[in-house]
2 protein chains.
Amino acid sequence: MGDMDLQIARQSATLRTQVEDKLRQAISSGRFKPGQRLVERELCESIGVGRTSIREALRQLEAEGLITSYPHRGPVVSTITYEEAAQLYSVRALLESYAGKEFAENGTAQDIHTLNEAVAEFAEAAASGGGSRLIKAKTAFYDCLMQGSGNVFVKQMLTSLHNRVTLLRMTSMTQPGRLNHSVEEIKEIAAAITDRNGAKAAAACKYHIDMAAKVALDYLRKTSENDGD
Amino acid sequence: MGDMDLQIARQSATLRTQVEDKLRQAISSGRFKPGQRLVERELCESIGVGRTSIREALRQLEAEGLITSYPHRGPVVSTITYEEAAQLYSVRALLESYAGKEFAENGTAQDIHTLNEAVAEFAEAAASGGGSRLIKAKTAFYDCLMQGSGNVFVKQMLTSLHNRVTLLRMTSMTQPGRLNHSVEEIKEIAAAITDRNGAKAAAACKYHIDMAAKVALDYLRKTSENDGD
DNA sequence: GACAACCCGATTGTCTGACAAAAGCGAAGA
DNA sequence: TCTTCGCTTTTGTCAGACAATCGGGTTGTC
């Protein structure tokens, strides 16, 4: 309520779109692991659609960077190196700072209200410890943040980046103690935006991402030491 | 020479890829105008490939934002509103500033050398007035700038944005007097990068895009007054 | 026993043909 | 004039087919 996505379960969207969503989710959820090959025939059987729909959906995901196709060898779930992960977080910090600043300076009162509701929900979810509820809340928060930025390109790029972060397959929230910090940081962002303080909002966004990056990259470095590559 | 793309005319790239390039070029060159419908059958005949290849290529372009598909009505070349154009230039300024700063601070000497060569070529092309040579030179400059940033995500996003700028179909260089300024601004960028001055490089990049945006948006505003929508 | 050449199965890339469903358009009727 | 009906066009999707290619295993040679 108050937010209520107007797209009332666009169930009639083309079959291809549904396949896209299914694949995206399968990758995000880690059911398809980075590096894993995606064989057309198998996908057809497991999803129950023809090759046409599968292949077109794969093109979309390829353009989004979620999968990588090698000619005549087919697509694999994209992998992200340590350097790329660092780069990803850098751009995220840049874009989210911008979004936060724009939101603070030009967002509507309605957007701000929605944002604060999302933050409250996130804090509550963090307190009660609901895993999927947490993810949903965080997603809602980011959706709102990007929406409030008022820039469709920023929104699209950040969405793509967010999807790719999941390729690292550690939500960075799962690190002990990180969650509480995360809640605080997000409250800080919302407060700055509510205050209409652009500079402060940008700084808070950057800080938030930089912290997440630090945790994620530390973790990556540690595991890759044991993991070889 | 010195630059020499190592991908020796990847002529064997899948047919679909070639179709993508052809369509991209057709849109960039203005042969397909924004708002125009793209009918599969016509594309098949004019390009000479089956529907499969066409459709998959269209998915890719859709993901890139060059075309927009409506269910059961097919794709049309994307249109950009005045507000979106303004947003596009904002993000471009943000990302190119970042790229310039990173380039200045972390780019290799080799990259810097290539950049300066590209600038020289651009200046020369501008002086001799070669249209297609100018475009090629500008493309080379930007490719080098993005390459030097060392961030694959920035590179990808800027490429996408550059492609979409062409949807406005006025290169902004075509404005009288703009070209000379453009050359100067680009020299400024290269100089700052060569000096390893990150802040100055970022500022020069931002200035360059802001100027281009101003010209483009003024032009858009003027024509849209007469044009209705 | 190691290494090169070769062959074969699996998979992709692409075309053709087919058909239901939906959108847009024009004609017929109220 | 406005609504409704039906037709045409185009899209969305499937099935089947086949050449090209890749990877791996096998064979043969030194």
Side-chain angles (χ1 to χ4, degrees), chain A residues 7-27 32-79 229, chain B residues 7-27 32-79 229:
Chain A
Q7 328 183 24
I8 320 140
R10 52 191 234 205
Q11 34 90 343
S12 107
T14 60
L15 191 51
R16 183 192 83 235
T17 309
Q18 298 171 286
V19 175
E20 273 172 34
D21 289 341
K22 257 202 157 60
L23 290 179
R24 238 190 299 267
Q25 199 192 341
I27 293 177
F32 291 159
K33 300 180 185 94
Q36 178 177 342
R37 278 188 66 183
L38 298 178
V39 183
E40 287 180 9
R41 194 104 28 157
E42 295 172 9
L43 295 179
C44 290
E45 287 170 11
S46 68
I47 302 188
V49 299
R51 278 218 295 164
T52 309
S53 305
I54 293 285
R55 285 181 62 89
E56 289 189 22
L58 287 176
R59 289 301 143 258
Q60 177 85 26
L61 298 199
E62 185 182 1
E64 291 174 19
L66 279 182
I67 66 175
T68 308
S69 281
Y70 303 96
H72 294 285
R73 274 197 296 146
V76 300
V77 179
S78 294
T79 57
D229 70 339
Chain B
Q7 327 182 25
I8 321 137
R10 53 189 232 201
Q11 34 91 342
S12 104
T14 60
L15 190 52
R16 183 192 82 237
T17 309
Q18 297 171 281
V19 174
E20 274 172 32
D21 289 341
K22 257 201 158 60
L23 291 179
R24 238 190 300 267
Q25 200 192 340
I27 293 177
F32 291 159
K33 299 178 186 102
Q36 177 176 343
R37 278 188 67 184
L38 299 178
V39 183
E40 288 181 8
R41 193 100 32 152
E42 295 172 8
L43 296 179
C44 290
E45 286 169 12
S46 68
I47 302 189
V49 298
R51 278 219 296 165
T52 310
S53 305
I54 293 285
R55 286 181 62 87
E56 288 189 23
L58 288 175
R59 288 303 143 258
Q60 176 84 26
L61 298 198
E62 184 182 1
E64 291 175 18
L66 280 183
I67 66 175
T68 309
S69 281
Y70 304 96
H72 294 285
R73 273 198 295 148
V76 300
V77 179
S78 294
T79 57
D229 71 341

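Every chain is numbered from 1, with letters handed out A, B, ... down the list of sequences.
- In this structure, the nucleotide among C:dT16, D:dT11, C:dT11 sitting nearest to the side chain of B:T52 is C:dT16.
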Do any N or O atoms of the protein come closer than 3.5 Å to N or O atoms of nucleotides 18-20 of chain C, and which pairs are they?
{"unit_1": "C:dA18", "atom_1": "N6", "unit_2": "B:R51", "atom_2": "NH2", "d": "3.0"}

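- A:I54 comes within 4.0 angstrom of nothing in the nucleic acid, heavy atoms only.
- Here B:R55 lies in heavy-atom contact (under 4.0 Å) with a base.
- Within residues 58-70 of chain A, no residue places a heavy atom under 4.0 Å from DNA chain D.
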List the atom pairs, with distances to 0.1 Å, where a side-chain N or O of residues 52-66 of chain A and a protein N or O form a donor-acceptor pair under 3.5 Å, not counting sequence neighbours.
{"unit_1": "A:R55", "atom_1": "NE", "unit_2": "B:E56", "atom_2": "OE2", "d": "2.7"}
{"unit_1": "A:R55", "atom_1": "NH1", "unit_2": "A:E40", "atom_2": "OE2", "d": "2.4"}
{"unit_1": "A:R55", "atom_1": "NH2", "unit_2": "B:E56", "atom_2": "OE1", "d": "3.3"}
{"unit_1": "A:R55", "atom_1": "NH2", "unit_2": "B:E56", "atom_2": "OE2", "d": "3.4"}
{"unit_1": "A:E56", "atom_1": "OE1", "unit_2": "B:R55", "atom_2": "NH2", "d": "3.3"}
{"unit_1": "A:E56", "atom_1": "OE1", "unit_2": "B:R59", "atom_2": "NE", "d": "3.1"}
{"unit_1": "A:E56", "atom_1": "OE2", "unit_2": "B:R55", "atom_2": "NE", "d": "2.7"}
{"unit_1": "A:E56", "atom_1": "OE2", "unit_2": "B:R55", "atom_2": "NH2", "d": "3.4"}
{"unit_1": "A:R59", "atom_1": "NE", "unit_2": "B:E56", "atom_2": "OE1", "d": "3.1"}
{"unit_1": "A:R59", "atom_1": "NH1", "unit_2": "A:E62", "atom_2": "OE1", "d": "2.9"}
{"unit_1": "A:Q60", "atom_1": "NE2", "unit_2": "A:E64", "atom_2": "OE2", "d": "3.3"}
{"unit_1": "A:E64", "atom_1": "OE1", "unit_2": "A:R24", "atom_2": "NH1", "d": "2.6"}
{"unit_1": "A:E64", "atom_1": "OE2", "unit_2": "A:R24", "atom_2": "NH1", "d": "2.6"}

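- B:T68 meets the side chain to side chain donor-acceptor pair (under 3.5 Å) test with B:S78; sequence neighbours excluded.
- Note on the helix from C:dG1-D:dC30 to C:dA30-D:dT1: angle between the axes of the first and last five pairs equals 10°, rounded to 10 degrees.
- When each of A:S53 and A:R73 is assigned the nucleotide of DNA chain D bearing its nearest heavy atom, the one mapping closer to the 5' terminus is A:S53.
- Between A:E45 and A:R41 no salt bridge is recorded (no basic side-chain N to carboxylate O distance below 4.0 Å).
- Of the residues in residues 40-48 of chain B, those lying under 4.0 Å from DNA chain D by heavy-atom distance are B:E40, B:R41.
- The side chain to side chain donor-acceptor pair (under 3.5 Å) check on B:T79 picks up nothing, with sequence neighbours excluded.
- Remark: P of C:dA21 and NE2 of B:H72 are 11 Å apart, rounded to the nearest angstrom.
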